[in-house]
Amino acid sequence: MSDETYNATGSTADRAVETLHRIDDKVAMLRKQRLEDPDSATDKLIKSVLPAITGMVAGKLFQATWDRAQARRKASSGESSSNAKGLMMNIAFAAASAALGAVISTLSDRGSQALVDFRHRKHHR
């Protein structure tokens, strides 16, 4: 075998070994992060599922309340909705729903984090 072939194979092998070392370092770093993470799988589940369920329930309650109020308003006034009025009501519903969603999302995120923090304090006593 010539020296050129040996050097080319050697440098390829060195690059492959170096790449494997970088991958190993990255895996070791990720493992260390996972082991040092104070949140358990249950904590992570609480922090993701609780806000989602709260948002869905709040959205459905708001929509049901809105629909009842609109039906009551239409029945009491005896009016047929015009396209312009219907568009304005749809825009109002979208804006109110988005505002409520933002508030509920923020509060449920904070609440779920507080619950996880409480679980951590209770566990470490």
Side-chain angles (χ1 to χ4, degrees):
M1 192 174 349
S2 71
D3 285 338
E4 286 180 23
T5 305
Y6 178 74
N7 286 338
T9 305
S11 65
T12 303
D14 290 340
R15 281 190 304 243
V17 168
E18 180 61 32
T19 301
L20 290 174
H21 282 295
R22 282 194 309 251
I23 291 170
D24 185 47
D25 292 341
K26 181 69 175 179
V27 168
M29 182 186 70
L30 291 172
R31 182 177 183 275
K32 182 180 175 190
Q33 285 176 350
R34 183 183 57 83
L35 291 175
E36 291 176 353
D37 188 5
D39 291 345
S40 67
T42 304
D43 295 337
K44 291 177 183 185
L45 188 65
I46 288 171
K47 290 188 332 187
S48 63
V49 172
L50 189 64
I53 290 173
T54 304
M56 284 190 308
V57 168
K60 290 297 181 185
L61 288 174
F62 179 73
Q63 184 174 4
T65 304
W66 182 274
D67 291 343
R68 262 190 258 125
Q70 293 304 310
R72 216 176 301 136
R73 187 184 62 81
K74 285 181 184 178
S76 67
S77 66
E79 65 185 47
S80 64
S81 64
S82 67
N83 285 341
K85 199 169 207 177
L87 176 63
M88 292 306 292
M89 292 308 289
N90 285 340
I91 290 172
F93 173 77
S97 179
L100 179 71
V103 168
I104 294 296
S105 175
T106 300
L107 292 176
S108 62
D109 283 344
R110 288 181 184 175
S112 62
Q113 183 62 50
L115 178 62
V116 168
D117 291 344
F118 175 75
R119 286 172 38 94
H120 286 195
R121 282 192 307 271
K122 184 178 164 187
H123 184 272
H124 292 300
R125 282 186 181 178

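Along the sequence shown, residues are numbered consecutively beginning with 1. Heavy atoms only: backbone and side chains are in, while hydrogens, waters and symmetry mates are out.
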inquiry  = What's the separation between atom NZ in Lys26 and atom CD1 in Ile23, rounded to the nearest 0.5 Å?
reply    = 11.5 Å

ask   = CG/Asp25 to CZ/Arg22 distance, rounded to the nearest 0.5 angstrom?
value = 9.5 Å

inquiry  = Test: side chain to side chain donor-acceptor pair (under 3.5 Å). Region: residues 45-58. Which pairs qualify, not counting sequence neighbours?
reply    = Asp39-Lys47, Lys47-Gln113

inquiry  = I need the full list of side chain to side chain donor-acceptor pair (under 3.5 Å) pairs touching residues 87-109, with sequence neighbours left out, sorted by first then second residue.
reply    = none

Side chains of residues 58-65: which donor-acceptor pairs under 3.5 Å do they make with residues two or more places apart or in other chains?
unit_1 : atom_1 : unit_2 : atom_2 : d
Thr65  : OG1    : Leu61  : O      : 2.8

In the single-linkage hydrophobic clustering (I, L, V, M, F, W, Y; side-chain heavy atoms under 4.5 Å), do [X] and [Y] co-cluster?
X	Y	answer
Ile104	Val57	no
Leu107	Val49	no
Leu45	Ile53	yes

task = Name all residues meeting the side-chain contact (heavy atoms from CB on, under 4.5 Å) criterion together with Leu20; count only those two or more places apart in sequence or in a different chain, and write none if there are none.
result = none

remark   = Hits for side-chain contact (heavy atoms from CB on, under 4.5 Å) against Gln33, two or more places apart or cross-chain, chain-then-number order -> Met29, Leu30

request  = For Arg73 and Met89, run side chain to side chain contact (heavy atoms under 4.5 Å, CB included): C-alpha distance rounded to whole Å, both residues' side-chain angles, the deciding distance at 0.1 Å, then the answer.
outcome  = CA-CA 12 Å; Arg73 187 184 62 81; Met89 292 308 289; 4.3 Å; yes

ask   = Quick one: salt bridge (charged side-chain N to carboxylate O under 4.0 Å, His left out) partners of Arg119, sequence neighbours excluded?
value = Asp43

query = Can Phe93 and Met88 be said to form a side chain to side chain contact (heavy atoms under 4.5 Å, CB included), step by step?
reply = CA-CA 9 Å; Phe93 173 77; Met88 292 306 292; over 6 Å; no

